[in-house]
Each structure stands twice: as structure tokens, then as C-alpha cells.
Visitor: 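Got a structure for you, questions after.
Only heavy atoms go into these numbers, but all of them, side chains included; no hydrogens, no water, no symmetry mates. Order of appearance sets the numbers: ligands from 1, and atoms from 1 within every ligand. Because the structure is a prediction, the values reported are computed rather than measured.
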Amino acid sequence: MQGPPRAGDRKEGFLFRFGGEIRDLSARTHIMGILNVTPDSFSDGGMYGDPPRALDRALEMVAEGADFVDVGGESTRPRGTAYGEGARPVSAAEELGRILPVLRLLGSRLEVPVSVDTYKAEVAEAALDAGAVIVNDISGFGFDPRMPEVVARAGATAVLMHTKAMPSGMPLQPRYDDLWGEILGFLSEAVSRAGRAGVLQVLVDPGLGFGKTVEHNLAVIAGLPRLARLGRPVLAGPSRKSFVGAVLDLPVGDRLEGSLAAAVACVLGGAHVLRVHDVGATRRAVLLADAIRRVAV
Ligand code: HH2
């Protein structure tokens with residue numbers, strides 16, 4: 001018999017169209033594989049800048065079970081973390097120079113929807129022209145006022161993430177009077193902005209690692225079911241982040257198990273999509289977490 005709703009229950013029926021494909025994001029946990037074509041991303045910087053290598057990596061992630069591939073041309077690694085001064089901001093032209101050759105190559109070869117990780121409208125516009133169908137904006141439409149109309153015009157999907165500041169201006173000691181109040185307020189304003197512009201498909205993301213201490217990040221995961229009240233599918237990105245390293249006292253290359261534990265906690269907290277580096281391992285962990293979620297007790 002079906003029991004009462006549980007904290008991590010996912011709202012049913014998130015039918016989203018990505019290009020020519022329709023996906024029910026509530027049917028199972030979806031995996032977004034990370035493809036950073038940057039020289040300086042915190043865990044895979046410098047590995048996939050060459051377009052053929054980026055294509056190989058994208059195909060490998062799809063073979064391992066990625067439902068989406070998220071292409072990023074600017075590291076958003078914030079300062080004030082284990083990563084020192086943080087990433088150097090890049091111009092739109094530089095970012096486009098990195099991602100466009102890769103997007104064009106993926107367009108003809110990849111069978112899953114492609115996302116672009118950018119907070120710049122100019123970059124999003126060109127990426128959508130080159131075949132991307134999702135804009136993953138770490139600023140929740142907060143940094144570039146043209147972004148909502150660019151996404152709306154293309155009929156694309158938006159991932160709206162909470163952040164406290166631009167990565168380069170991230171407070172060294174982030175403080176919140178009310179962590180969840182701030183995240184929910186920020187994201188509900190972002191969702192309204194998207195709605196006013198005519199963006200029909202929106203996911204929300206609490207922004208693990210963006211202006212949050214280790215304790216804040218753990219509280220975000222523990223409180224993830226609260227995002228359900230926004231009525232949108234939830235994306236979470238715990239993969240290899242510094243809070244995982246801090247709890248386990250491990251460098252970025254040794255964070256697989258911690259990332260999987262965080263991923264499973266996110267699934268049990270109601271996440272619909274996980275943005276991860278280790279696609280195959282996450283897929284296997286999440287299959288079990290999904291099976292547990294489906295059991296009626
Ligand atoms: N995290 C990063 C980048 N983009 N987008 C969303 N929606 N959610 C996240 O948690 C998120 C994100 C940072 O991770 P990564 O891309 O691996 O590193 P870098 O910013 O150094 O390229």
C-alpha cells in the first residue's frame with residue numbers, strides 16, 4: 001500500500017521537451033555529464049579543450065549513461081575555497097572560442113540534449129544557435145539581464161542556480177541569517193523572472209559550493225526536500241566539490257565515494273537531475289537509490 005508522502009518525494013509529471021525529445025524528469029533520476037572545455041576547471045581543467053577529445057569524452061559519458069552533456073567554457077571555481085584565488089573570468093569571445101567548435105562537433109554526433117554552462121547572454125545565444133537546448137546559468141538569470149529573453153526566444157530550457165555572488169566576488173566567509181530562506185527567495189524570484197520572459201521549462205539548483213561553507217553545503221543537501229515547494233524539477237551538483245573533500249580530508253582526485261554518497265543523499269532528498277563528472281559510477285549508485293525511492297512503505 002502506498003504510504004503517506006515522504007520528505008524526498010518528487011513531484012510527478014515533469015514532462016520536458018528537449019529539442020525533438022520529450023523526457024519525464026520525474027520518472028527516474030537523470031544524469032548530466034560535465035564537459036569542461038576550460039584550461040582551469042577545478043577537477044577536469046585542461047583535459048578536454050581539444051574538440052576531438054571533448055567529443056570522445058562526451059560519447060564516453062553517454063555510453064556510461066549520461067542523459068545530458070553540459071559544456072562549460074569558463075571555470076566558475078570561486079575564490080575563498082581550497083582553490084585559492086578562484087578562476088579568472090573570461091570574455092564572451094574567449095568563452096565562445098572554447099565552446100563553439102565543441103558544440104558544432106557534438107551537434108552532429110551526440111544523441112542526448114546538450115546544455116551550455118554560461119551566465120552570459122551572448123554566449124548562450126551562440127551556443128543555442130550551435131545546437132544546445134539547455135542554458136545552465138549559475139547566476140539564476142541574475143548576472144545578464146538579456147539572458148531570460150535569449151532563452152525564451154530559442155524555446156530552450158533553463159537551469160537556474162542559487163549563488164551568493166559572482167565567483168570572483170564570492171565572500172571569503174559566507175554568512176546567512178536564514179540559509180534556506182535566502183535560497184528559496186532567490187530561486188523563486190529567478191523562476192518568476194523566467195516566467196515573465198516566457199521561459200517555459202525551468203529547473204532549480206541550490207548551488208552546492210557557491211558561496212557556502214562546508215556546513216551550509218551539508219545543510220543544503222539535508223534540506224533539499226524544501227525545494228519541492230517551488231514546483232520545478234531540481235538539479236544538484238555535488239560532484240567532487242570541496243565540501244566533499246573537507247569532510248573526508250581528501251584531494252579532488254579521491255572524492256568519488258564521497259561524491260556518490262552526496263549524490264544518493266540528493267536523490268533521496270528529491271533531486272531529479274545530478275550534474276556529475278563520474279557518470280558510470282553515479283548511474284549505478286543512483287539506480288539503487290531510485291529503486292529504494294520507489295518502494296512504498
Ligand atoms: N557547479 C559548477 C559549475 N556549474 N552548474 C550548476 N547548475 N550546478 C552546479 O553545482 C555547478 C554548475 C562547478 O563545477 P565544475 O564545472 O566541475 O567546475 P568549474 O566551475 O571549475 O569548471
Visitor: Measure the distance from atom 6 (C) of ligand 1 to every protein heavy atom, then report the residue, atom name and distance (to 0.1 Å) of the closest one.
Guide: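 Sorting protein heavy atoms by distance from atom 6 (C) of ligand 1 puts D205 OD2, 3.1 Å first.
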Visitor: Does the N or O separation between H277 and ligand 1 drop below 3.5 Å for any pair?
Guide: yes
Visitor: Counting only heavy atoms closer than 4.0 Å, does ligand 1 sit against the backbone of K241, its side chain, both, or neither?
Guide: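 Answer for K241: side chain.
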Visitor: One residue to check: L235. Relative to ligand 1, which of side chain, backbone, both or neither has a non-hydrogen atom less than 4.0 Å away?
Guide: side chain
Visitor: Taking NZ, NE, NH1 and NH2 as the nitrogens, is one of them in E182 or K164 under 4.0 Å from a carboxylate oxygen of the other?
Guide: yes
Visitor: Please list, in number order, the atoms of ligand 1 under 4.0 Å from a heavy atom of I138.
Guide: 4 (N), 5 (N), 12 (C)
Visitor: Under 4.0 Å between a Lys/Arg side-chain N and an Asp/Glu carboxylate O for E125 and R153?
Guide: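 Looking at R153 together with E125, the answer is yes, because their closest N to O distance falls below 4.0 Å.
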Visitor: Quick one: do E60 and R57 make a salt bridge, cutoff under 4.0 Å?
Guide: yes
Visitor: Could you check S139 against D137 for side chain to side chain donor-acceptor pair (under 3.5 Å), going step by step and ending with a plain yes or no?
Guide: CA-CA 5 Å; S139 79; D137 182 349; 2.7 Å; yes
Visitor: Under 4.0 angstrom from ligand 1, any heavy atom of T38?
Guide: no
Visitor: Please list, in number order, the atoms of ligand 1 under 4.0 Å from a heavy atom of N36.
Guide: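 Reading through ligand 1 atom by atom, the close ones are 15 (P), 16 (O), 17 (O), 18 (O), 22 (O).
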Visitor: For M161, counting its heavy atoms only, list the atoms of ligand 1 lying under 4.0 Å from any of them.
Guide: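 Counting atoms of ligand 1 from 1, those under 4.0 Å from M161 are 6 (C), 8 (N), 9 (C).
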Visitor: Ring centres under 6.0 Å, that's the criterion: do Y119 and F141 meet it?
Guide: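 Between Y119 and F141, the centre distance exceeds or equals 6.0 Å.
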Visitor: Just which atoms of ligand 1 are under 4.0 Å from any heavy atom in F42?
Guide: 14 (O), 15 (P), 17 (O), 18 (O), 21 (O)
Visitor: Could you tell me whether E257 and R240 make a salt bridge, using a distance below 4.0 angstrom between a side-chain N and a carboxylate O?
Guide: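 The answer is no: the pair does not qualify as a salt bridge.
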Visitor: Among all protein heavy atoms, pick out the one at the shortest distance from atom 21 (O) of ligand 1; state its residue, atom name and that distance to 0.1 Å.
Guide: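 Looking at atom 21 (O) of ligand 1, the protein heavy atom closest to it is S75 OG, 2.7 Å.
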Visitor: Any nitrogen or oxygen of T76, side chain or backbone, less than 3.5 Å from one on ligand 1?
Guide: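 T76 vs ligand 1: N/O contact under 3.5 Å present.
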Visitor: Check this for me, if you would: do R283 and D290 make a salt bridge, where the nitrogen-to-carboxylate-oxygen distance has to be below 4.0 angstrom?
Guide: no
Visitor: Taking only heavy atoms of S41, which atoms of ligand 1 are found under 4.0 Å from at least one of them?
Guide: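 Matching atoms, with element in brackets: 19 (P), 21 (O), 22 (O).
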Visitor: What protein heavy atom sits nearest atom 4 (N) of ligand 1, and how far off is it?
Guide: D117 OD2, 2.9 Å
Visitor: Between R284 and D278, is there a salt bridge with N-O shorter than 4.0 Å?
Guide: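 Between R284 and D278 there is no salt bridge, as every charged N stays at least 4.0 Å from the carboxylate O atoms.
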Visitor: Can you list the ligand 1 atoms lying under 4.0 Å from a non-hydrogen atom of V159?
Guide: 7 (N)
Visitor: Does the separation of the ring centres of Y176 and H216 fall below 6.0 angstrom?
Guide: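 Ring-ring flag for Y176/H216: true, centres closer than 6.0 Å.
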Visitor: Applying a heavy-atom cut-off of 4.0 Å, say which part of D40 lies close to ligand 1: side chain, backbone, both or neither.
Guide: neither
